[in-house]
Amino acid sequence: DDYEEGTWSPTCNNGSTFSGNYIKIGRVVHLFYESSSCVTLTASSTTLTGLPFASAGTSNTSGSGTYVNISSTNAFGGTQVTGSTLYFVTASGSAAIRGYHCYYV
């Protein structure tokens with residue numbers, strides 16, 4: 001029996017404001033996050049730190065994730081996790097975004 005859920009406070013390195021929650025079942029973590037204000041996301045250099053659990057992976061390919069532009073849901077991007085850092089691997093213009101990432105710990 002290894003189940004946990006809670007909130008986390010992501011810190012974005014470009015000054016955007018995010019909130020989030022998570023569900024951990026065994027070794028699998030499901031992250032959910034949303035921006036209340038977001039500036040341009042630069043591919044591979046914009047990050048969210050402070051993930052509730054460090055990834056078991058050692059490269060930028062741990063798990064998989066996507067995010068959407070809330071005002072234009074057809075715009076989406078991908079995410080990757082290394083350690084306790086989530087990287088946006090595709091760029092996005094200034095917009096409110098919502099995302100999900102699943103990874104192993």
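All values reported here derive from a predicted model rather than from experimental measurement.
Distance check, rounded to the nearest 0.5 Å: OH of Tyr103 to CG of Leu86 gives 8.5 Å. Once rounded to the nearest 0.5 Å, the distance linking CD1 of Ile25 with CG of Asp2 reads 9.5 Å.
With hydrogens and angles ignored, the 3.5 Å screen pairs no side-chain donor or acceptor of Thr17 with any backbone N or O of Ser37. In this structure a side-chain-to-backbone donor-acceptor pair under 3.5 Å is missing from Ser84 to Gly50.
Under the side chain to side chain donor-acceptor pair (under 3.5 Å) criterion, Thr11 pairs with no residue, sequence neighbours left out. Every residue was checked against the side chain to side chain donor-acceptor pair (under 3.5 Å) condition with Asn21, not counting sequence neighbours, and none meets it. Partners of Tyr100 by ring-ring contact (aromatic ring centres under 6.0 Å, His included), not counting sequence neighbours, listed by chain and number: His30, Phe32. Applying the side chain to side chain donor-acceptor pair (under 3.5 Å) criterion to Arg27, with sequence neighbours excluded, gives no partner residue. With sequence neighbours excluded, the residues satisfying ring-ring contact (aromatic ring centres under 6.0 Å, His included) with Phe88 are Tyr67.
Contact annotation: the side chain of Thr85 never approaches that of Ser55 to less than 4.5 Å [non-hydrogen atoms, C-beta and beyond]. Looking at heavy atoms from C-beta onward, Thr79 lies in side-chain contact with Tyr33 at the 4.5 angstrom threshold. Two residues are said to be in side-chain contact when any heavy atoms from C-beta on lie closer than 4.5 Å; Val29 and Cys102 fail this criterion. Taking 4.5 Å as the limit, some side-chain heavy atom of Thr82 sits within range of a side-chain heavy atom of Tyr87.
Within the structure, salt bridge (Lys or Arg N to Asp or Glu O under 4.0 Å) pairs that include any residue of residues 77-89 do not occur (at least two apart or interchain). Counting only residues at least two apart or in different chains, salt bridge (Lys or Arg N to Asp or Glu O under 4.0 Å) contacts with residues 96-105 comprise Glu34-Arg98. The stretch residues 3-13 participates, sequence neighbours left out, in no salt bridge (Lys or Arg N to Asp or Glu O under 4.0 Å) pair at all. Note on residues 42-55: no pairs pass salt bridge (Lys or Arg N to Asp or Glu O under 4.0 Å), not counting sequence neighbours. For the ring pair (Phe, Tyr, Trp, His ring centres under 6.0 Å) condition, the pairs that include at least one residue of residues 4-23, sequence neighbours left out, are Tyr22-Phe53.
Here the closest heavy-atom approach between residue Pro10 and residue Gly20 is recorded as CD-N, 3.9 Å.
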Scan the side chains in residues 41-48 for donor-acceptor partners under 3.5 Å anywhere in the protein, sequence neighbours excluded, and list what turns up.
from: Thr46; atom 1: OG1; to: Thr42; atom 2: N; distance (Å): 2.7
from: Thr46; atom 1: OG1; to: Thr42; atom 2: O; distance (Å): 3.3
from: Thr47; atom 1: OG1; to: Asn13; atom 2: ND2; distance (Å): 3.4

| field | Residue pair Leu51, Leu31: steps toward the side-chain contact (heavy atoms from CB on, under 4.5 Å) verdict | value | CA-CA 8 Å; Leu51 275 63; Leu31 291 179; 3.6 Å; yes

